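Have a look at the structure below, then the notes.
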Amino acid sequence: MDDRYAFREIEARWQTYWEENRTFATPDDSDKPKFYTLEMFPYPSGAGLSVGHGKNYLPNDAFCRYKAMQGFNVLHPMGWDAFGQPAENEAIKRGRNPREMVPEYAANYRRTLKRLGASYDWSREVNSSTPDYYRWTQWFFLLLYKRGLAYRSTAPINWCPSCKTGLANEEVKEGRCWRCDSAVEKRPLPQWYFNILQYADRLLADLDLVNWPEGTKQMQREWIGRSEGAEVNFAVNGSTESIRVFTTRPDTLWGATFLVLAPEHPLVAEVTTPEQAEAVEAYVQRAAATADMDRLNAERSKSGVPTGATALNPVTGQDIPIWIADYVLMGYGTGAIMAVPAHDQRDFEFARKFDLPIELVYSTPEGPQTGGEMTEAAPHDGVMREFTPSPMSQAPKSPFAGRPNSKETVRDVVRWMAEQGIVEQKVNFKLRDWLISRQRYWGAPIPMVHCPECGEVPVPEGQLPVLLPEVDRYEPSGTGESPLATIEEFVNTSCPKCGSDARRETDTMGGFACSSWYFLRFVDPHNSTEFASREKLDKWLPVDLYTGGAEHAVMHLLYARFWTKVMYDAGLLGFVEPFTQLRHQGSLLAYTPGRKPRGSEADGDTVLDWIVLKPEERAGFPKDQIAWRWTRMSKSKGNVVSPDEMCEQFGADSLRLYEMFVAPFEDNVQWSEDGIHGAHRFINRAWRWIVRALPQYSAKWRSSSASYNDADKKIRRKLHQTIIKVGEDLEGFRFNTAISALMELVNDLYLYRPLDGGGAQTPAVLSEAAETLTLLLAPFTPHMADELWSRMGHKGTTYTAAWPVGDTQVAAEDEVTLVVQVNGKVRDRITVASDASEEAIKQLALDCEKVREALEGKTVRQVIVVPKRLVNVVAA
RNA sequence: GCCCAGGUGGUGGAAUGGCAGACACAAGGGACUUAAAAUCCCUCGCGGCAACGCAUGCGGGUUCAAGUCCCGCCCUGGGCACCA
């Protein structure tokens with residue numbers, strides 16, 4: 001048909017127009033209120049942008065356009081998370097030099113985003129791997145160093161044998177590398193850390209300040225893992241040493257019948273008796289060899305050996321044995337525990353296995369009275385027994401006999417024990433310091449120098465950036481040193497302090513350093529004297545709305561919060577939380593071929609039950625052994641659907657509309673092309689209706705003195721209801737229902753005025769409807785909207801047009817249809833004026849023939865009238 | 001094991017405690033067409049000729065009224081997992 005929407009031509013035209021007119025460039029000097037929104041920046045890969053990215057970018061783009069039309073000065077930038085493991089692994093896989101690959105791939109992403117009609121201000125584009133960017137990443141490293149928040153330490157770290165680098169705790173998921181799923185190992189290496197632990201309390205408390213999904217906040221709370229308790233010293237018999245333990249249940253100290261040290265505990269060798277030395281040594285060796293993943297498996301049965309030593313329980317005066325066991329972790333608390341088998345399940349299992357005494361601190365009259373009668377630990381039951389200190393003990397008699405096993409008792413006991421000097425109150429966190437060193441090439445070099453005279457010396461700010469040298473071969477070595485260590489010209493330098501020969505630090509920073517501040521750079525991306533001017537930071541930040549995947553809950557989102565707080569403390573920023581509101585988009589899932597793992601791949605206790613078949617593997621793979629599954633689209637799985645194909649076939653507006661309509665923003669979606677036909681059809685339907693109305697369109701419809709007939713009133717009611725509904729839905733990020741409201745409107749418009757031009761013909765109404773519909777569509781299908789807007793004779797684009805205002809008077813229904821129920825079952829319907837009185841409605845309902853039939857032989861007990869909804873006649 | 005989401009037609013999904021299935025997709029039938037595409041019309045939860053009855057993972061409960069609230073299960077997805 002001649003009036004089909006010519007999307008190829010029209011989309012290209014408006015994309016050119018927007019570019020040439022810098023439609024989306026954001027001025028810094030506008031009087032309008034600011035709105036800063038951001039999608040998590042992607043790393044550019046060779047597979048290009050996927051329709052999966054669109055599930056995040058497209059709805060937020062529609063939201064930006066809506067905000068702009070509402071009169072906000074919208075900042076909507078885009079950049080590239082170009083440094084770090086993801087980008088480097090991609091380069092390795094493709095045998096490319098990342099230095100050349102990244103700009104090429106980024107250009108392809110940018111091209112695709114423009115093709116989707118995304119409203120980014122490209123003049124603010126940043127790339128974290130360029131020297132003018134990473135100069136400031138290094139500057140922030142030095143800031144942390146100066147503030148005592150960056151330090152070097154040697155400890156067993158998480159090592160990915162495939163990526164050949166150390167990983168932060170947050171980058172280990174179920175014992176596997178976040179990038180390649182390899183089982184991580186332990187390796188002792190000297191590494192740089194950021195002291196995020198020092199900010200643990202504030203990271204926890206300030207979660208209350210942000211509008212984030214509750215689940216994500218909860219994940220951060222659990223990751224931080226704050227735990228209040230106390231530390232207790234146990235004097236080792238026949239030694240001057242004492243063993244300090246952390247416990248959250250000091251009230252059960254009376255039931256501590258043995259101590260357990262982690263195998264790595266520094267006092268193990270010290271306290272072990274000669275008779276036990278051999279067994280202990282063997283156990284320590286075995287524990288060191290056991291993969292961390294296995295050690296963390298709670299299902300495993302307990303193991304351990306006695307050291308032969310004993311310690312004094314400070315409240316009972318008893319000597320209790322000291323054991324070592326791998327269920328105690330060196331990395332948490334003091335690396336030693338007091339075991340209370342009666343009230344802790346882990347200790348109970350251990351005591352049973354090795355026949356250690358179990359002493360009850362709390363008991364119930366009907367429950368077990370001795371440890372021997374217990375079948376499991378009782379952490380929360382009973383009342384406290386009486387404890388009389390032995391003559392050996394310095395401690396006074398317990399005043400808590402009879403108290404219930406409750407939080408209040410714990411609190412009171414801790415206070416009392418602290419007063420007695422038995423314990424010291426203490427808070428512990430599960431959070432560990434952030435390991436930032438990577439033994440990899442593709443990252444920001446850590447700006448430190450190791451001088452034989454002065455020790456570690458920071459590179460002076462004036463010498464930044466420490467440039468990443470250009471190399472031919474950059475693959476990780478696996479030696480525990482980064483490839484930079486072999487580049488003499490890079491390594492050899494002079495000490496900034498004393499001038500003697502010195503070596504540069506050769507590790508680079510993990511990519512999460514770059515992404516911990518990129519949202520600041522967008523406000524002043526070309527500043528060469530500061531990371532961003534304070535004036536612009538104050539104007540734009542914090543980010544009002546941030547969207548991205550939930551998988552970053554304890555990685556990027558935690559790190560960025562930490563850096564923000566450090567910068568606040570340094571007086572660089574005036575806010576403590578970077579992202580006021582956060583939303584997570586759902587993923588697009590692709591139907592992906594896979595196979596069962598082979599024997600060697602199902603290692604450890606974490607069972608991988610399915611492995612993706614890479615496209616190259618699939619060719620020769622027996623068809624009947626392929627197991628198909630829905631998995632997230634990702635370039636590593638080779639199951640990416642390109643938006644280019646969709647734009648070619650259906651147009652960007654169709655793809656935009658479809659990705660927003662198919663499901664709620666947060667939901668995962670099984671990708672299929674089926675639904676996009678519907679979106680495409682709708683666009684044509686809307687286009688055709690508006691185009692046919694254009695001959696009668698007048699931009700001056702507002703001042704028309706036309707009187708409205710019933711059909712006019714009805715369609716205007718629907719129109720204004722839709723304006724209100726779409727606005728509300730957009731505010732709530734409910735793109736799918738906003739679009740369905742627009743579809744309803746278009747369906748009604750066809751009833752008002754069919755394509756053949758019959759039906760009602762009030763030009764003012766046609767004009768109002770055509771114009772309003774165009775503007776309501778603009779956030780979703782901006783190319784079509786701008787084309788229609790210009791055909792209506794308006795200058796410029798819908799991006800700068802005003803969002804329609806819904807008139808509640810016009811939208812109000814004058815009549816409503818009520819459902820009439822008898823005992824909850826629908827029997828009839830009545831139509832009444834919307835302001836009808838409750839009495840009148842009751843009477844009408846009772847007069848219905850169907851109602852009278854249903855009431856035959858019954859007595860009406862009650863009539864419930866729900867305004868604008870229903871009438872329920874209760875009868876018996 | 002613990003913590004979060006979630007379970008609604010053939011499919012995606014919609015429903016401030018108030019008509020379950022809006023809006024779409026797919027399917028079937030029809031119109032137009034030489035034909036196809038496009039477009040338009042009709043049908044479309046299950047059972048029943050119908051009146052009606054039954055239906056929101058399962059079992060209870062609260063309520064005049066439950067997909068929605070409460071209790072107990074089952075299943076799926078995500079996160080955490082010997083953190084003392």
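Numbered from 1 within each chain, the chains take letters A, B, ... in sequence-line order. Computed from a predicted model, the values in this text were never measured in an experiment.
- The aromatic ring centres of F350(A) and W323(A) sit less than 6.0 Å apart.
- Nucleotide A38(B) holds its C1' atom 16 Å from the CD1 atom of I683(A), rounded to whole Å.
- The cationic group of R688(A) does not satisfy the cation-pi geometry with Y5(A), failing either the under 6.0 Å distance to the six-membered ring centre or the 45° limit from the ring axis.
- Among C82(B), A14(B), G18(B), the nucleotide with an atom closest to any side-chain atom of Y327(A) is C82(B).
- Here the nucleotide nearest the side chain of Q218(A), chosen from C80(B), A24(B), C3(B), is C3(B).
- Comparing A14(B) with U56(B), their C1' atoms are spaced 12 Å from each other, to the whole Å.
- Distances shown here put every side-chain N or O of R869(A) at or beyond 4.0 Å from the OP1 or OP2 atom of A65(B).
- To the nearest angstrom, C1' of C64(B) lies 10 Å from CG of L870(A).
- Across all strands, N747(A) comes closer than 4.0 Å only to sugar-phosphate atoms, never to a base (heavy-atom distances).
- Counting any heavy atom pair closer than 4.0 Å across all strands shown, V819(A) reaches a base atom.
- The shortest distance between the side-chain N/O atoms of K430(A) and the OP1/OP2 oxygens of A81(B) is not below 4.0 Å.
- Taking the C1' atoms as reference points, G59(B) lies 22 Å from G53(B), given to the whole Å.
- Minimum atom distance to the side chain of V328(A) is reached by A84(B), of the listed A84(B), G18(B), A22(B).
- In this model, the phosphate group of C19(B) is not approached by any side-chain N or O of T817(A) to a distance below 4.0 Å at OP1 or OP2.
- Using modelled atom types, one finds a donor on one side chain and an acceptor on the other under 3.5 Å when comparing T592(A) with N639(A).
- If you check every strand for non-hydrogen atoms under 4.0 Å, P213(A) touches nothing.
- Backbone-only contact: G678(A) has heavy atoms under 4.0 Å from sugar-phosphate atoms and none from a base.
- Nucleic acid contact class of N736(A) (heavy atoms, under 4.0 Å, all strands): sugar-phosphate only.
- G13(B) and G77(B) have their P atoms separated by 16 Å, given to the nearest Å.
- One can find a donor-acceptor pair under 3.5 Å joining the base of C64(B) and the side-chain atoms of N872(A).
- Distance from the side chain of S740(A) is smallest for A22(B) among the nucleotides A22(B), A84(B), G13(B).
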Taking Watson-Crick and G-U wobble pairs with both distances under 3.5 Å, convert RNA chain B into its dot-bracket string, 5' to 3', dots for unpaired and | for cross-strand pairs.
-> (((((((..(((.....[....))).(((((.......))))).(((....)))..(((((..]....))))))))))))....
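- A distance of about 15 Å separates the C1' atoms of C58(B) and G67(B), rounded to the whole Å.
- The shortest non-hydrogen separation linking A256(A) to N313(A) is O-ND2, 3.1 Å.
- A straight line from CD of Q821(A) to C1' of C52(B) spans 16 Å, rounded to a whole angstrom.
- Nucleotides G47(B) and A55(B) place their C1' atoms 11 Å apart, quoted to the nearest Å.
- For the pair H680(A) NE2 and C25(B) P, the computed distance is 12 Å after rounding to whole Å.
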Let me see the working for H680(A) and F7(A) under ring-ring contact (aromatic ring centres under 6.0 Å, His included), right down to the final yes or no.
-> CA-CA 10 Å; H680(A) 191 65; F7(A) 62 85; 5.6 Å; yes
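- Between G10(B) and C46(B), the two C1' atoms lie 13 Å apart (nearest whole Å).
- Using atom P as the reference point in both G18(B) and A24(B), the two lie 24 Å apart (nearest Å).
- Out of G12(B), G53(B), A14(B), the shortest distance to the side chain of K825(A) is found at G53(B).
- Among the atoms of the strands shown, base atoms are found under 4.0 Å from some heavy atom of R829(A).
- Between the side chains of N56(A) and T547(A), at least one donor N or O lies within less than 3.5 Å of an accepting N or O.
- Along RNA chain B, the nucleotide closest to Q862(A) and the one closest to E170(A) are compared, and the more 5′ of them pairs with Q862(A).
- Of the candidate nucleotides C23(B), G53(B), A84(B), G53(B) has the atom nearest to the side chain of R827(A).
- For the pair F735(A) CZ and A22(B) P, the interatomic distance rounds to 23 Å; values are reported in whole Å.
- Listed nucleotides G79(B), G13(B), G18(B) differ in distance to M219(A); the shortest reach to its side chain belongs to G79(B).
- Among the atoms of the strands shown, base atoms are found under 4.0 Å from some heavy atom of V866(A).
- Spacing between atom CG of L657(A) and atom P of G13(B) amounts to 16 Å, rounded to whole angstrom units.
- Taking each heavy atom of F348(A) and I358(A) in turn, the nearest pair found is CE1-CD1, 3.8 Å.
- Both G675(A) and N668(A) lie near RNA chain B, and the one whose nearest nucleotide falls closer to the 5' end is N668(A).
- Contact annotation for F682(A): no contact, since no heavy-atom pair falls under 4.0 Å across all strands.
- Regarding contacts with the backbone of A26(B), a side-chain N or O of R681(A) is found under 4.0 angstrom from either OP1 or OP2.
- Listed nucleotides: A14(B), C80(B), A84(B). Nearest to the side chain of W223(A): C80(B).
- Aromatic ring centroids of F682(A) and W687(A) lie 6.0 Å or more apart.
- The CG atom of N684(A) sits 16 Å away from the C1' atom of A24(B) (whole-angstrom rounding).
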Chi angles and distances behind the ring-ring contact (aromatic ring centres under 6.0 Å, His included) call for H677(A), F650(A) = CA-CA 8 Å; H677(A) 293 280; F650(A) 302 101; 5.2 Å; yes
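- With a 4.5 Å cut-off on side-chain heavy atoms, E231(A) and V423(A) do not count as touching.
- As rounded to whole Å, 19 Å separates atom P of G79(B) from atom CD1 of I224(A).
- Rounded to the nearest Å, the gap between the P atom of C75(B) and that of A27(B) is 36 Å.
- Here the nucleotide nearest the side chain of E744(A), chosen from U39(B), C23(B), A84(B), is C23(B).
- Checked against V51(A) for a side chain to side chain contact (heavy atoms under 4.5 Å, CB included), the options L655(A), V669(A), I676(A) give a single hit: L655(A).
- Against the 90° criterion about 0, the sugar-base torsion of G53(B) places it in the anti range.
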